[in-house]
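The basis for the numbers below is simple: all heavy atoms, side chains too, and nothing from hydrogens, waters or symmetry mates.
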Amino acid sequence: MSAAVYLVSTVTGYVVTSVLLLKCPSLLHLRKKQPFLSRHISHRGGAGENLENTMAAFKHAVDVGTDMLELDCHLTRDDQVVVLHDADLRRSTGINACISDVTFAELPPYLGQLGVTFQKECFCEGGNDKRIPLLRDVFEAFPNTPVNIDIKVNNDTLIKKVSELVVQYNREHLTVWGNARNQIVKKCYKENPRIPVLFSLPRVFMLLGLFYAGLLPFVPLKEQFLEIPMPSIITKMKDSDRLSRSKRVIIWLADALLMRKALFDHLTARGVQVYVWVLNDEEDFKRAFDLGATGVMTDFPTKLKDFMDENAIAK
């Protein structure tokens, strides 16, 4: 056999094997166990319908029927794990201070109105609940609801205390945690490997590289959740009309590379849940589910529930 024939034969065999394993990964990998399946995920508890990350928001989302609460955690000066998105209190409370410099008892209430980050020119008016809650409060109020925790800072004490709370409330099977930073995800996994982790941003890039190189079917994955943005939503957000042509091209390219049904289907077949964020209109809900996403994360839990009911999307 000539070298050229051998090379062609080898490449062909590799391509066929890669395509086969992409569609049938169970031939090489055990499917990950899924203690819960989330189709409807409430971003910050549903920041478009109640003040973000408040108990009122979480209760409303659970009453609507959400499958998962997404929230953010920080540590106060007296080492209390609180549910809050920003490290700085200015946007949420109007106070110029860092959360790490304030004790829990000193925390100011939320402002009466907050902007909705992923919805153009949208503000949410608060009700009576303007308190920044403890993570413990959420676990006690919703013992059977899966919670998606974004560890907002690279703090060993925060990671340890979140893990201790998860264990204390017997929620290792109902929790996923992580951050875009790989160092934080590594620490989370090391602290408690029984709590499933999200793909960090560097690992998302690695995942895409492996997928387009045809190598993904051969590589084991420790993560159980891929949580990614739909890049095209940037064109619908505040000041999107100011985007230059080059930025629009980059957004289009990122969207084309990331929003791939073959990738979502392969991960789903391996037991990795795929969540797309933060989607707030029916067009994007439909696109995400049509692409094979496991679930959609939204600021408007009622709107997403109505869409799923109208389109017979099973929870």
Side-chain angles (χ1 to χ4, degrees), residues 36 38-76 80-87 89 91-93 99 104 107-119 122-152 162 165-166 169 171 174-179 198 225 227 229 233 273 275-281 284-285 294-308 315:
F36 60 85
S38 299
R39 304 282 275 167
H40 182 297
I41 305 145
S42 297
H43 179 241
R44 304 181 196 174
E49 297 180 9
N50 285 275
L51 289 183
E52 63 182 55
N53 281 325
T54 59
M55 293 301 292
F58 299 137
K59 183 179 186 306
H60 170 70
V62 170
D63 288 345
V64 165
T66 195
D67 297 317
M68 172 183 277
L69 298 172
E70 189 272 347
L71 52 80
D72 313 276
C73 282
H74 281 281
L75 208 60
T76 59
Q80 296 296 307
V81 181
V82 293
V83 180
L84 182 74
H85 183 270
D86 302 349
L89 293 167
R91 178 187 71 89
S92 56
T93 70
I99 184 71
F104 179 68
L107 280 178
Y110 276 111
L111 295 172
Q113 183 186 78
L114 293 178
V116 181
T117 306
F118 294 94
Q119 184 72 11
C122 178
F123 294 86
C124 183
E125 297 282 350
N128 294 326
D129 184 11
K130 298 182 177 66
R131 184 177 67 91
I132 297 172
L134 293 164
L135 180 61
R136 180 188 304 273
D137 297 335
V138 179
F139 286 173
E140 289 180 353
F142 312 106
N144 301 312
T145 302
V147 173
N148 181 324
I149 301 174
D150 189 347
I151 303 293
K152 299 304 291 186
V162 169
L165 285 169
V166 170
Y169 286 92
R171 295 187 54 92
L174 289 173
T175 305
V176 53
W177 63 344
N179 183 266
L198 300 158
F225 298 85
E227 190 174 285
I233 67 171
Q273 296 188 44
Y275 302 153
V276 181
W277 60 267
V278 170
L279 311 184
N280 289 328
D281 64 51
D284 292 330
F285 296 162
T294 311
V296 163
M297 189 182 298
T298 185
D299 289 313
F300 297 91
T302 303
K303 184 187 292 187
L304 177 57
K305 178 186 183 297
D306 291 344
F307 172 84
M308 293 175 67
K315 293 186 64 179

Out of curiosity, [X] [atom1] to [Y] [atom2], how far, rounded to the nearest 0.5 Å?
| X | Y | atom1 | atom2 | answer |
| --- | --- | --- | --- | --- |
| F225 | S38 | CZ | OG | 6.5 Å |
| F307 | D284 | CZ | CG | 10.0 Å |
| L71 | H85 | CG | NE2 | 11.0 Å |
| E140 | L135 | CD | CG | 10.0 Å |
| H60 | T54 | NE2 | OG1 | 10.5 Å |
| Y275 | E70 | OH | CD | 11.5 Å |

**Message:** Set out, in order, the CA-CA distance, both residues' side-chain angles and the distance that settles side-chain contact (heavy atoms from CB on, under 4.5 Å) for V64 and F300, then state yes or no.
**Reply:** CA-CA 10 Å; V64 165; F300 297 91; over 6 Å; no
Sequence neighbours left out, what passes side-chain hydrogen bond (donor to acceptor under 3.5 Å, both in side chains) with [X]? Give chain and number order.
| X | result |
| --- | --- |
| N148 | E227 |
| D63 | K59 |
| D129 | none |

**Item:** Under the salt bridge (Lys or Arg N to Asp or Glu O under 4.0 Å) test, residues paired with D306 that sit two or more places apart
**Value:**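 D306: no salt bridge (Lys or Arg N to Asp or Glu O under 4.0 Å) contacts found.
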Can you name the closest pair of heavy atoms from [X] and [Y] and give their distance?
| X | Y | result |
| --- | --- | --- |
| K303 | N280 | NZ-O, 2.9 Å |
| L89 | P108 | CD1-CD, 4.2 Å |
| N179 | K152 | ND2-CA, 4.1 Å |
| C73 | I149 | SG-CG2, 3.9 Å |
| V116 | G48 | CG2-CA, 3.9 Å |
| D86 | I99 | O-CG2, 4.5 Å |

Within the side chain of [X], is there an N or O that forms a donor-acceptor pair under 3.5 Å with the backbone of [Y]?
| X | Y | result |
| --- | --- | --- |
| R39 | V296 | no |
| T66 | H40 | yes |
| N53 | V83 | no |

Do [X] and [Y] have side chains that approach each other closer than 4.5 Å (heavy atoms only, starting at C-beta)?
| X | Y | answer |
| --- | --- | --- |
| V162 | T175 | no |
| F104 | V82 | yes |
| H43 | F118 | yes |

**Residue pairs, two or more places apart or on separate chains, that pass salt bridge (Lys or Arg N to Asp or Glu O under 4.0 Å) and touch residues 41-50** =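 Checked against salt bridge (Lys or Arg N to Asp or Glu O under 4.0 Å) - neighbours excluded - the pairs reaching residues 41-50 are R44-E52.
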**Complete:** D137 meets the side chain to side chain contact (heavy atoms under 4.5 Å, CB included) criterion, sequence neighbours left out, with M55, R131, P133, L134
**Request:** Begin from the C-alpha positions of L107 and L84 and carry the test side-chain contact (heavy atoms from CB on, under 4.5 Å) through to its verdict.
**Result:** CA-CA 11 Å; L107 280 178; L84 182 74; 5.8 Å; no
**Request:** Go through the steps for F285 and T298 under the test side-chain contact (heavy atoms from CB on, under 4.5 Å), then give the verdict.
**Result:** CA-CA 9 Å; F285 296 162; T298 185; 3.9 Å; yes
